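In what follows, a structure is listed as structure tokens, so that the remarks can point back to it.
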Amino acid sequence: VIIGSFYFIMPTYELYSINNDPDLIDIDIEYLKEDAIKLGLDLQGGLYIVLELDYFSYLLSKSNKELISNKKWAKPVLKLLKEAYLGQGSLSAATRQLIHHLFGKYGLVVVDGDDRRLKEKFRDIIEDDLWAQNTHSDRQWQFCKESLIDLNQDLKSLGQQLVIRTGDVIEAFKEISKSFKIMGIYSHQETGDYYTYKRDQKIRNWTIKHNIIWKEYLQFAVFRGKTDRDFWSNNWKKHLEKKIPQIKQKLNTVNFRLGNIPNDDFFKFKEDKCLGRLKGGRKEGLLRLEIFLKKDIYLYRKNISNPDKSKDNCSRLSPYITWGCLSIREIYKKANFRNDINSKMFKSRLAWHCHFIQKLESEPELEFKEFHSFFNNLRTKNDRFLRLWSEGNTGYPFLDACMRSLNHNGWLNFRMRAMLMSFASYNLWIPWQESGEILARKFVDYEPGIHWCQCQMQSGTTSINTNRI
């Protein structure tokens, strides 16, 4: 830190997360046993020691007998180690406490590179692309890619194929402005995660600076600016009942480089085949909508929460809505042709869809911050529990079956999603932000507004919803 002509040296201790260090190839944290110490060498030749907390407790009890009797420093050291390693839920938290106790008075700063709050401070620097976030995955990209291919085929028949650019959106606009004078930008209004929220702020500032009109059209019945429950309930139905415009004319072909859809290895996702997921694209979505309204909706009310039958009698339209293949408005209008208890219940779910997205639109910090501050930092990081839960290996048969179904299909009904989340939050006491990120990657239909509101509701951090266990 430099202030005027004075130089201050700030000592820093960087805390490594083994799971995020690509050099630690000889340490396989996944297969550590509870009663084992494992030593490994990284590519640089450094020595790393991984110690399970249960085994550390055993060592401390053994050391009490061997050390306390003849070492003056044994009692305070063992007390310090016990408080650090047995009083915390993870090795990183224990190490932070130990280092702070030993060197905190000397001004040592402990930097945990895997800390979520630290990552958020550098989000605009390290997250240079939407798909680089921890909430996105290969299964989502494959669905999106299939949807883009389908859209490109439809646009080609109208006379103009997709123009595709990969990277920063403002840089793409700058490239376009070299060949054309941009008079206006027309897009749907997106209520995404915090990344897209900040991105849209940058685009808004850029359009104002260059005197460019930016018109955003409502994708869902979600409204910008100050809203309350009465305003929303009075306007969401009006939006859904608006006439849907029809394209009746050909598009003028633009003389501009088209670009290509990125290759699968571009985003460097982990392998995630998700063999049971639905295929992306508008044609697939329309087919699914037709099958649902003509056949599956008859048992919708009865089987909506059934862990086995819901996959056949729920609409399964959520990924097509999330990725823009189908609009809420066209689904609502087609459902209106039916007038029975099943269609009414289905349309009420469409309303709840927009209701929760409206919450995140009004309070974008809900993706990270507890709804009520009393619950801040309530839970404890536990990588081992998180991994077993994510794999479907907790030992609770029904819960594990639901997780494995999600891993295979990329979809679960609402009740089963709520159960997975509440189990992680209450039974395993894992922070909702960590389990929420994992579930977000698994859901092909990941919709931030619905997802993060539900994560908090099922974790009891809202202070207004009944705790669900």
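Atoms considered below: every heavy atom in the structure, side chains included; atoms not considered: hydrogens, waters and symmetry mates. All of these numbers come straight from a predicted model, not from anything done at the bench.
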Q. Looking only at heavy atoms, what is the nearest atom pair of Lys174 and Ser177, with distance?
A. O-OG, 2.6 Å
**Q.** Arg288 with Asp296: basic N within carboxylate O range, under 4.0 Å
**A.** yes
Q | Check: Val254 and Val163 side chains under 4.5 Å, non-hydrogen atoms | A | no
Q.
So Tyr195 and Glu367, do their side chains get closer than 4.5 Å, heavy atoms only?
A. no
Q: Decide, yes or no, whether a salt bridge links Lys283 with Asp150 under the criterion of side-chain N to carboxylate O below 4.0 Å.
A: yes
Q: Would you verify whether the NZ or CZ of Lys215 falls within 45 degrees of the ring axis of Tyr217 while also being under 6.0 Å from that six-membered ring's centre?
A: yes
(Q) Salt bridge or not between Asp445 and Arg417? Use side-chain N to carboxylate O under 4.0 Å. (A) yes
Q. Of the options Lys381, Arg379, Arg441, which is the one that meets Glu434 in a salt bridge (charged side-chain N to carboxylate O under 4.0 Å, His left out)?
A. Lys381
Q: Would you mind checking if Asp308 and Lys311 are paired as a salt bridge, meaning a charged N to carboxylate O distance below 4.0 Å?
A: yes
Q) Is there side-chain contact between Ile357 and Glu447, with at least one heavy-atom pair below 4.5 Å? A) yes
Q: Find out whether Gln161 and Leu155 are in side-chain contact, i.e. whether some heavy atom of one side chain is under 4.5 Å from a heavy atom of the other.
A: no
Q: Kindly state whether the ring of Trp141 and the ring of Phe269 have centres lying under 6.0 angstrom apart.
A: no
Q: Check the angle between the aromatic planes of His355 and Trp352 and answer parallel, tilted or perpendicular using the 30° and 60° thresholds.
A: perpendicular
Q: Check whether any side-chain heavy atom of Leu278 sits under 4.5 Å from a side-chain heavy atom of Val444, and report yes or no.
A: no
Q. For Trp389, which of Asn427, Asp400, Asn382, Leu439 qualifies under side chain to side chain contact (heavy atoms under 4.5 Å, CB included)?
A. Leu439
Q | Min side-chain heavy-atom separation Lys237-Leu240 under 4.5 Å | A | no
Q | Parallel, tilted or perpendicular, as decided by the 30° and 60° cut-offs, for the rings of Trp206 and Phe173 | A | parallel
**Q.** Contact summary for Cys274 and Gly410, nearest pair of heavy atoms
**A.** SG-N, 3.5 Å
Q. Any side-chain heavy atom of Ile341 sitting closer than 4.5 Å to one from Met345?
A. no
Q: Look at the side chain of Trp232 and the backbone N and O of Ala221, then say whether any donor-acceptor pair between them is shorter than 3.5 Å.
A: yes
Q.
Assess whether a salt bridge exists between Asp340 and Arg338, defined as any Lys/Arg side-chain N lying under 4.0 Å from an Asp/Glu carboxylate O.
A. yes
Q) Can you check whether Ser137's main-chain N or O pairs, donor with acceptor, with Gln140's side chain at less than 3.5 Å? A) yes
Q. Does Ser310 reach the side chain of Phe414, with side-chain heavy atoms less than 4.5 Å apart?
A. no
Q: Can you see which heavy atom on Arg165 is nearest to which on Ala172, and at what distance?
A: CB-CB, 4.2 Å
Q. Minimum heavy-atom separation for Thr196 to Asp193, with atom names?
A. OG1-O, 2.9 Å
Q: Might you point out which heavy atoms bring Asp138 and Asp272 nearest each other, and give the distance in Å?
A: OD2-O, 3.6 Å
